[in-house]
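Report on the structure given below.
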Amino acid sequence: MKQSEKLLKLKDAGTILITLGIAIMCLTPAVMIAREVYDIHAWLTVWRWGVGIAFSGLVIRIARFLWLW
């Protein structure tokens with residue numbers, strides 16, 4: 001596999017992680033309300049997981065950009 005193909009796969013992985021993290025952050029309140037879980041600490045924990053996943057994807061994208069630059 002060529003270096004350019006590996007870098008394209010990294011871009012895709014970063015995009016998937018960012019999208020997944022944002023989806024977790026946006027869907028957390030709806031899922032918690034639907035399950036009648038009103039514990040703010042549980043909501044914040046899941047929301048932080050989403051932030052962490054999205055941030056990991058962003059770090060991959062930035063690292064890839066800096067490598068190509």
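Since we're looking at a predicted model, the values are computed, not measured.
- Note that the CH2 atom of Trp47 and the CD1 atom of Ile40 stand 11.0 Å from one another [nearest 0.5 Å].
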If you apply the rule side chain to side chain contact (heavy atoms under 4.5 Å, CB included), what do you find for Arg61 with Leu17, and how did you get there?
CA-CA 10 Å; Arg61 295 287 303 257; Leu17 285 174; over 6 Å; no
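- Note that CG of Leu44 and CE of Met32 are 9.0 Å apart. Values are rounded to the nearest 0.5 Å.
- In this structure, Asp12 CG and Arg64 CZ are separated by 8.5 Å, a value rounded to the nearest 0.5 Å.
- Note that the CD1 atom of Ile24 and the CH2 atom of Trp49 stand 9.0 Å from one another [nearest 0.5 Å].
- Clustering ILVMFWY residues whenever any of their side-chain heavy atoms sit less than 4.5 angstrom apart, transitively, puts Leu27 in a cluster other than the one holding Met25.
- Atom CD1 of Ile60 sits about 8.5 Å away from atom CD1 of Ile18, to the nearest 0.5 Å.
- Once rounded to the nearest 0.5 Å, the distance linking OG1 of Thr28 with CZ of Arg48 reads 12.0 Å.
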